Amino acid sequence: VDENQSFRFSQWEEDPDVASAVAAIRSLLEFLKRDQSETILGLRENQTKAIQRLEETDSSVAVSSGGELFLRFISLTSLEHPDLSQCKNVMIERGELFLKKISLSRGKVGKLCHTFIKDGAKILTHSSSRVVLKVLENAAADNKRFTVYVTESQPDSAGKLMAQKLHNLNIPVTVVLDAAVGYIMEKVDLVIVGAEGVVESGGVINKIGTYQMAVCSKAHNKPFYVVAESFKFVRLYPLNQQDVPDRFKYKADILKTVKDLNQEHPMIDYTPPSLITLLFTDLGVLTPSAVSDELIKLYL
Amino acid sequence: MGDRLTASTMLQNEGKELTKEEKQRLRKEKKQHKKNKKDDKGPPEKEKEKEKASVPAPSKPATQSPAHKAAPAPVHASESAAAAEKPAKSKAELRAERRARQDSERTSKQGKKEGGQQSASSKPKATPNELQPVVKRLPEHVQVDDPAALKKLAKKLERQQVPLRSDYGYKVSLFSHLHQYSRKSPPTLQISIPATVIHPSIVRLGLQYSQGIIAGSNARSVALLHTFKQVIQDYSTPPNEELSRDLVNKLSPYISFLSQCRPLSASMGNAIKYIKKEISNIPSQCKEEEAKGKLQACIDSYINEKIILASEAISKYAIEKISDGDVILVYGCSSLVNHILCKAFEKQRKFRVIVVDSRPRLEGREALRRLVKKGIRCTYVLISALSYILPEVSKVFLGAHALLANGYVMSRVGTSQIALVAKAYNVPVLVCCETYKFCERVQTDSFVSNELDDPDDLIVTRNGKSHLENWQTVKSLGLLNLVYDVTPPDFVDLVITDLGMIPCTSVPVVLRVKNVDQ
């Protein structure tokens, strides 16, 4: 069952519109439906094993956080029913509800954020983020005129993909080098980036290059906005770049094959909360210090 | 009523000297009416009207008010206002008008109350009354330069038969609102042995506090709780008294005595609050032995949960943050931080420790002793060498005396200095604190509420020389021995509590969650 499930997961992931966490949760739900264990503890164990298996396929923070949140969400009611099949049905129901809720979250974020883009604004963004795309889409639909600068975002040139998508939306876009962030910062009005994970301190984990963009924008006093769905909230608390666990920094296949990780390039970096102005989530517009409050509400 | 009216008009006609008496009576009436108004919480619009009316005809209300003493308070103003404008009418007509006005005002008042609308002018009058019970008074221990507060304290201690400890030496003017005691004159000198009012183990505890034998937030709280257990053990309910009420009253003079020996810490305050709550929750039909046993079990579980198990949980989280090759800086002697480092060492983490110390307490030596005994590699510096060693440091672990509701950390003096310099060098600062030390107080500077230790501690230097021995004779010289300081939340990266790792700004969230639980 494991192999089938990870195969399905990679299939869903290939769909470009679906966030990796949503794909993970969908496959976890399928797995739950097919689960044959006799006890609730067994169910939870299988789910945890499944999440680990998924992390092996795609080692991003979002999969880990989405999986953990899914598990928490469905097991909130598991202790109330004496009958196992009833329990399982309740869990599946809640799982479907959770999935539906999070599929809508990107739209909610887009609606919240696009009002912060004024007419004539110049926006800088980093790499390719589907949430940022949604926000810019909404702003364009609102008949606002703005231009976008996207960083190339090596090593996978994801920025060029983003530029292509924006071009299809008829938004004027320019691709800049990663090294040109300091150069371009004086021209832009605001910076909007997505996030792979939002940590307990209110900081974000995102594609490498986000941290230096944040430092630059702080030096130029430009607002630095982060857009993220609430299922990306994760129970990590990094103190600095070194403190981010290795399993998130590198791609899954590299973790398995390479011996000396010091020779590899990390794929993500950590931006501390002092550099972030506001976070736009489907729970509302939050300051970095409010993220901890929301996390306590979600997890406790 | 009519007789009084004629009498007062006569008096008024007689001369100006008597209006003074009228004024006095008026003042008394006003006080009475104000009291009634507070009880009724009547609409203050009437007061406004009264003031408005009293302006155009100041003498008339003076004559009318004694006559209207019997009338209901809220209506009084309107009556005087109305009556003041028509002095020429006869008594009967006045009375009839009065009654009519009374009824109309009453109905309009009711209508307004039902409508629930209060005019904007009445709102500022209403809200201070509602807000007043919420405004807290300043605690006594930060009002030492106020003679009225001192008098109140002296009276209270006299009532409780607790000796009053007098301040010692010249106090620096910025801190003249705090107590400053000398270690050479503990309050135990002033009470007889055996003490009649104060339990002997409390006397012993007070002596240990004032001499500095028991120091450190956790140690003081645990000692306090153990002593309270002893007190409860020896307690016997007097006849016709309930244990739940009498025991709390018995504890008050003990607490006053202890705070005379050394001001209470935030953790001790929370522990005392908990005990008092537990005592008052004892049902009245509970037998004495059973109640005592229950209380002792409560105290044991408090110590176990909030202090011992909490430190285990905090160590678990903190060990995740210690990686191999770390250089950890600690300041002073915090029982919690020492525990964390010992546990991490047991878990085979490779790290070394730099212990920073400061005069006059030199508590770092105790921490150094404990860590070296475990086998941890340590370096020892004084706080003046801080910026020299900080480039080597990878993390700073600090203990806390209390965490305030606005996220500020109150800890041993010198902590905020370490946090500041660490921030300048971009070294992460981690504060470790159990949740029972969280307090509702808010403070943004170290002056408002602090503790002044014995200034004579500063006299002796390393060589044994004491140039400052006669500091009291020099009028312009003051010695300041502060105990605590507050660190702003911007300098602290992470707070590790038994509930998990939280940013410094989330302390009010934890307080809120705790209050909901209780």
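Throughout, a chain's letter reflects where its sequence line sits, starting with A, and its residues are numbered from 1. Note that the coordinates shown come from a computational prediction; the quantities given were computed from them, not determined experimentally.
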Taking all heavy atoms of B:Ser506 and all of A:Ser289, pick out the closest pair and write down the distance. OG-O, 4.3 Å

CG/A:Leu236 to CD/B:Glu320 distance, rounded to the nearest 0.5 angstrom? 9.5 Å

How long is the span from the CD1 atom in B:Ile502 to the OG atom in A:Ser201, to the nearest 0.5 Å? 12.5 Å

Value for CG (B:Asp493) from OH (A:Tyr237), rounded to nearest 0.5 Å, stands at 7.0 Å

With rounding to the nearest 0.5 angstrom, report the CG to CD distance, B:Leu494 to A:Glu200. 8.5 Å

So for B:Pro428, is it side chain, backbone, both, or neither that comes closer than 4.5 Å to the heavy atoms of chain A? side chain

With a 4.5 Å heavy-atom cut-off, do A:Asp293 and B:Thr505 have their side chains touching? no

State whether the number of non-hydrogen atoms from other residues, nucleotides or ligands found under 6.0 Å of A:Gln212 atom CD is greater than 12. no

Using non-hydrogen atoms and a 4.5 Å limit, figure out which bit of A:Pro273 sits close to chain B: side chain, backbone, both or neither. neither

With distance as the sole test, does B:Lys321 use its side chain to make a donor-acceptor pair with the main-chain N or O of A:Leu239 at under 3.5 Å? no

So for atom OH, which belongs to B:Tyr302, do other residues, nucleotides or ligands contribute more than 12 heavy atoms lying within a distance under 6.0 Å? yes

Can you tell me if NZ on A:Lys101 sees more than 12 non-hydrogen neighbours from other groups inside 6.0 Å? no

